[in-house]
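These notes concern the structure reproduced below.
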Amino acid sequence: MTIEHRRGVVVLALIAAFMIFVDGTIVNLTLAQLASHLHASRSELEWAVNAYTLSFAAVMLGAGAITDALGAKWAFVAGLLVFTAFSAVCAFATSMLVLNFARLVQGAGSALLLPSALVLATASATDEQARNRLVGWWAAAGGVGMAAGPLLGGALVALANWRAVFAVNVVIGIPAALWSIRSMPTTARGSRRLDVVGMGCATALIGGLVFALIQGPAQGWLSPRSRHRRRADGHRARRLHLGRTVRPGTSPAARRLL
């Protein structure tokens with residue numbers, strides 16, 4: 001691998017880490033426009049942010065094994081294509097259902113992209129010191145992306161609208177994918193067999209756990225106190241409704257029956 005190829009691989013890996021983490025926070029600045037343009041409810045707006053996190057956490061557990069099975073180059077290309085394609089779907093979405101589904105798949109693509117980017121970046125190192133330095137740069141790129149998300153999101157929303165937040169991923173992702181396919185060196189595949197069933201079960205388990213953590217505060221946890229509170233609220237609402245609809249001439253005995 002030439003020095004130019006090494007530098008290109010490192011730059012691409014750093015850009016991928018930046019894009020992955022910036023997309024987790026940049027959407028927060030679009031929520032007001034999403035509520036106005038797509039008539040989104042509060043729950044739908046929450047899922048515009050949380051769907052990405054849910055699928056990212058669920059798929060990440062098996063992403064390393066997939067990277068070993070496919071090879072880092074093709075895992076990177078696959079993750080980048082999924083991320084870019086569904087960023088385009090988000091940019092052209094006409095309903096919150098389509099947007100949230102695209103965010104869910106976008107998070108899965110990010111989970112596949114992240115470990116393969118790290119493998120490619122460290123594979124271009126010539127010694128242990130250079131490898132450690134590249135890992136530090138890769139982690140820093142992700143941290144900067146997470147912090148820069150709100151700033152970039154605010155700028156894009158102010159200059160254009162919420163669609164630009166997703167369209168910028170397409171502008172960066174297409175040339176990056178083309179360069180990766182043409183010029184990125186192929187890495188060796190792992191010899192270990194991919195455990196599809198185990199990976200699927202683990203993904204479902206992590207996804208269910210993250211889903212519970214996301215929805216728990218909104219839906220209420222399954223505790224006796226929560227159930228009692230919901231039951232009491234229902235009784236109060238029923239009494240209020242009946243108190244408003246009962247006729248003025250109704251006797252006290254009839255009121256008690258209601």
Contacts table for residues 205-212: side-chain donor-acceptor under 3.5 angstrom, sequence neighbours left out:
none

Cut-off 3.5 Å, no hydrogens considered: what does the side-chain donor-acceptor table look like for residues 9-20, sequence neighbours left out?
none

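When all heavy atoms of Thr84 and Gly173 are compared, the pair lying nearest together is OG1-CA, 3.4 Å. Nearest heavy atoms, Ala48 versus Leu34: CB-CD1, 4.4 Å. Of all non-hydrogen atoms in Gly107 and Ser55, the two that sit nearest each other are CA-OG, 3.2 Å. The two residues Gly154 and Leu29 make their nearest non-hydrogen contact at N-CG, 3.6 Å. Minimum heavy-atom separation, Ala93 to Leu38: O-CD2, 4.2 Å.
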Practice prompt. With side-chain contact (heavy atoms from CB on, under 4.5 Å) as the test, would you mind laying out the steps for Phe21 and Val144 before giving the verdict?
Written response: CA-CA 8 Å; Phe21 285 99; Val144 170; over 6 Å; no

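Partners of Ala167 by side chain to side chain contact (heavy atoms under 4.5 Å, CB included), not counting sequence neighbours, listed by chain and number: Ala91. Applying the side-chain hydrogen bond (donor to acceptor under 3.5 Å, both in side chains) criterion to Ser110, with sequence neighbours excluded, gives Tyr52. Legend: residues meeting side chain to side chain contact (heavy atoms under 4.5 Å, CB included) with Ala78, ordered by chain and number and at least two apart, are Leu112. Residues forming a salt bridge (charged side-chain N to carboxylate O under 4.0 Å, His left out) with Arg42 (at least two apart in sequence, or on another chain): Glu46.
Other residues sharing a hydrophobic cluster with Val82 under the 4.5 Å side-chain heavy-atom criterion for ILVMFWY residues are Phe86, Val89, Val98, Phe101, Val105. In the hydrophobic clustering, where aliphatic and aromatic side chains (Ile, Leu, Val, Met, Phe, Trp, Tyr) are joined below 4.5 Å either directly or transitively, Val170 groups with Ile174, Leu178. Grouped by direct or indirect side-chain proximity (heavy atoms under 4.5 Å, Ile/Leu/Val/Met/Phe/Trp/Tyr only), Phe92 sits alone.
One hydrophobic cluster holds both Leu31 and Met146 under the rule that ILVMFWY side chains link at heavy-atom gaps under 4.5 Å. Tracing side-chain contacts under 4.5 Å through hydrophobic residues (I, L, V, M, F, W, Y), one reaches Leu104 starting from Trp47; they form part of the same cluster. Under a hydrophobic-cluster definition in which Ile, Leu, Val, Met, Phe, Trp and Tyr are linked whenever side-chain heavy atoms come within less than 4.5 Å, directly or via other members, Leu81 and Trp74 are assigned to the same cluster. Val22 and Trp138 fall within the same hydrophobic cluster, defined by Ile, Leu, Val, Met, Phe, Trp and Tyr side-chain heavy atoms under 4.5 Å apart, directly or through other members. Hydrophobic clustering places Met96 together with Phe166 (ILVMFWY residues linked when any side-chain heavy atoms are closer than 4.5 Å, directly or through intermediates).
In this structure, Gln106 and Asn169 have side chains that are in contact, with non-hydrogen atoms separated by less than 4.5 Å. Residues Val165 and Val157 meet the side-chain proximity criterion, which asks for heavy atoms closer than 4.5 Å. Residues Leu156 and Thr30 have side chains not in contact (no heavy-atom distance under 4.5 Å, counting atoms from C-beta outward). Within the 4.5 Å cutoff, side-chain heavy atoms of Phe76 are placed close to those of Leu80.
Within the structure, every pair that satisfies the side-chain hydrogen bond (donor to acceptor under 3.5 Å, both in side chains) test and touches residues 150-165, not counting sequence neighbours, is listed here: His37-Trp162. Applying the salt bridge (charged side-chain N to carboxylate O under 4.0 Å, His left out) test to every pair with at least one member in residues 79-105, sequence neighbours left out, gives these pairs: Asp23-Arg103. Residue pairs meeting the salt bridge (charged side-chain N to carboxylate O under 4.0 Å, His left out) criterion with at least one member in residues 131-153, sequence neighbours excluded, are Glu128-Arg131.
Note that OG1 of Thr25 is 10.0 Å distant from CG of Leu151, once rounded to the nearest 0.5 Å. Note that CG of Leu113 and CG of Leu120 are 9.5 Å apart. Values are rounded to the nearest 0.5 Å.
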